[in-house]
There are 2 protein chains.
Amino acid sequence: MSLPHALLTSLLEQPCSGMDLARRFGRSIGFFWPATHQQIYKELGKLEAAGWVRSSAEEGARGRKRCYEVLPAGEQELKRWVAETDEPPPLRDAMMVRLRAEAALGTGAGVENDLLHRLARHRTQLALYEDIEQRDFTGRELSAAEQLQYLILQSGLTTEREHIRFCEKALALMEALEPAGV
Amino acid sequence: MSLPHALLTSLLEQPCSGMDLARRFGRSIGFFWPATHQQIYKELGKLEAAGWVRSSAEEGARGRKRCYEVLPAGEQELKRWVAETDEPPPLRDAMMVRLRAEAALGTGAGVENDLLHRLARHRTQLALYEDIEQRDFTGRELSAAEQLQYLILQSGLTTEREHIRFCEKALALMEALEPAGV
DNA sequence: TCGCCCATGTAATAAGTTACATGATTAA
DNA sequence: TTAATCATGTAACTTATTACATGGGCGA
């Protein structure tokens, strides 16, 4: 479970409120560790209880904005965790199950729907990543931290392009297997 | 949640017991929809209650092998589901969080551990997929169903190769950023 | 001052993981 | 005939999702 460490990282980059974190998770760290505001608030509570972060408001101040920042103990914990290892995350992709189901049923079951839908989604996501690349990482010297962030973005770019190629290839194969449009 | 449909697919390919399914999930369908035997047994119960599969043993026959097979209603349900669409599965990759944490902490925190560990895992997985490719999909004509299965395997091959390239690139960058081995 | 939105949170549900339990089969 | 193993299952726990609730600030 990496949510606490994703939060520590994000707060280390820039101290902010839970809502700000939620928004930031929507566009940067959230690309590889998504989280909703509900999860974030609960986890921030735990981080504070553990003494890893501190916030600028008294207990039970519902509705009032509170700003979180990482404490030395939190930074220590993050360092410890970075040096650990994990297994690759298991993949769970319903579209692959659909393709195999289509094979088992004999073609004509309609995976094309999902393939087309996913194709559109991956194209959108790729365009988004390309915008970020253009805006943040192009045409100037990059610091060490920026080079690492760019590397991560490139992984996203490659992945989306691979998914697009896969959907296109699968659609072409479906076309070849059921030429008449069953 | 695609586990029920993954099970239907697998049982349609070949009726078998829960334990057999669990074993099969360990090496084929499980590559893109992992499941433990506990999950499988519980889900098989639901599938039977829904009238989608039927098994060859009376209720409460604990310990005795029972063989499941898909009923027409189950095949119908699988067809219905194949034509649906889903959003791309969200990615959650701790290693990416680690890379970003390393950037935020200033290098020297030790992501290399995870990068090396993952590199080894992805190489093993790639070798496994290459064996399957060699054994099942090379040197002969493929049926329509086999072509689809091969396509899925190719996706696995590409993904593993991409992950390997990524780890290598990241390790090279880390090397460049901290040349003295901090 | 009233309504809307922002910020923070609670509660219920669902899915998956890990640890453990029990009946049947088999081989020494 | 008993120990090991196979096959099936239960239970507790963790993580994530979805829906809903409450307090505060601000503009019309």
Side-chain angles (χ1 to χ4, degrees), chain A residues 1-7 10-11 15-26 29-50 53-68 81 86-94 97, chain B residues 1-7 10-11 15-26 29-50 53-68 81 86-94 97:
Chain A
M1 219 267 291
S2 315
L3 178 57
H5 302 95
L7 291 172
S10 199
L11 286 174
C16 66
S17 72
M19 189 50 50
D20 291 335
L21 273 174
R23 275 191 283 265
R24 208 183 299 169
F25 266 65
I29 270 216
F31 290 145
F32 45 89
W33 203 281
T36 60
H37 71 98
Q38 291 91 332
Q39 260 182 297
I40 290 172
Y41 283 122
K42 204 189 315 173
E43 201 60 44
L44 281 174
K46 291 187 198 168
L47 293 184
E48 194 163 20
V53 304
R54 140 181 99 119
S55 77
S56 66
E58 63 285 5
E59 289 282 312
R62 193 171 191 157
R64 225 150 7 172
K65 194 162 188 164
R66 44 168 56 187
C67 180
Y68 286 89
W81 176 81
D86 271 300
E87 296 310 306
L91 351 151
R92 279 208 173 77
D93 192 336
V97 179
Chain B
M1 221 270 287
S2 312
L3 179 57
H5 302 95
L7 291 172
S10 198
L11 286 174
C16 66
S17 72
M19 189 50 49
D20 291 335
L21 274 174
R23 275 192 281 265
R24 210 183 297 170
F25 266 65
I29 269 215
F31 290 144
F32 44 91
W33 204 282
T36 59
H37 71 98
Q38 291 91 331
Q39 261 182 295
I40 291 173
Y41 283 122
K42 201 186 321 170
E43 201 59 45
L44 281 173
K46 291 187 198 168
L47 293 185
E48 193 163 19
V53 303
R54 141 179 96 119
S55 77
S56 65
E58 62 285 5
E59 289 282 314
R62 194 172 191 158
R64 221 143 19 165
K65 194 161 189 168
R66 43 168 55 185
C67 179
Y68 287 89
W81 176 81
D86 272 300
E87 296 310 306
L91 320 178
R92 277 205 176 81
D93 192 336
V97 179

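Sequence lines set the chain letters: A, B, ... in the order given, protein chains first and strands last, and positions in each chain run from 1. Note that the structure is predicted; figures quoted are calculated from it, not measured.
Among the nucleotides dG16(C), dA16(D), dT18(D), the one closest to the side chain of T36(A) is dT18(D). For Q38(B), the listed nucleotide lying nearest its side chain is dT10(D); candidates were dT8(D), dT10(D), dA16(D). Looking at the side chain of K65(A), the nearest of the listed nucleotides dT17(D), dT8(C), dA15(C) is dT8(C). Comparing atom distances between the Q39(A) side chain and each of dT8(D), dG16(C), dA16(D) picks out dA16(D) as nearest.
Rounded to an integer number of Å, the gap from Y41(B) OH to dG16(C) P is 18 Å. Between the NZ atom of K42(A) and the P atom of dA19(D) there is a distance of 16 Å, rounded to whole Å. R24(B) places its CZ atom 14 Å from the P atom of dA7(D), with the value rounded to the nearest Å. As rounded to whole Å, 15 Å separates atom C1' of dG9(D) from atom CG of L21(B). Whole-Å rounding puts the H37(B) NE2 to dC6(D) P distance at 12 Å. Taking atom CD1 of residue I40(B) and atom P of nucleotide dG9(D), one finds them 12 Å apart after rounding to whole Å. Rounded to whole Å, atom C1' of dT8(D) lies 11 Å from atom CG of L44(B). What separates CG of L7(B) from C1' of dG16(C) is a distance of 14 Å, to the nearest Å.
Both P34(A) and Y68(B) lie near DNA chain D, and the one whose nearest nucleotide falls closer to the 5' end is Y68(B).
Not a single side-chain hydrogen bond (donor to acceptor under 3.5 Å, both in side chains) links R92(A) to another residue, sequence neighbours left out.
Between R92(B) and dG16(C) there is no side-chain polar atom (N or O) within less than 4.0 angstrom of OP1 or OP2. One finds no side-chain N or O of R23(A) lying less than 4.0 angstrom from the OP1 or OP2 phosphate oxygen of dC6(C). For dC6(D), the OP1/OP2 oxygens have no side-chain nitrogen or oxygen of R66(B) closer than 4.0 Å.
Residue M19(A) is in base contact, counting any heavy-atom pair closer than 4.0 Å across all strands shown.
Open room surrounds CZ on R54(A); 12 or fewer heavy atoms of other groups in view lie less than 6.0 Å from it.
Remark: the backbone N or O of D20(B) is paired with a side-chain donor or acceptor of S17(B) at under 3.5 angstrom. Looking at S56(A), its side chain does come within 3.5 Å of a backbone N or O of C67(A) through a donor-acceptor pair.
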Review item, side-chain donor-acceptor pairs of residues 30-37 of chain A, under 3.5 Å, at least two apart:
| from | atom 1 | to | atom 2 | distance (Å) |
| --- | --- | --- | --- | --- |
| T36(A) | OG1 | Q38(A) | OE1 | 3.4 |
| T36(A) | OG1 | Q39(A) | N | 3.4 |

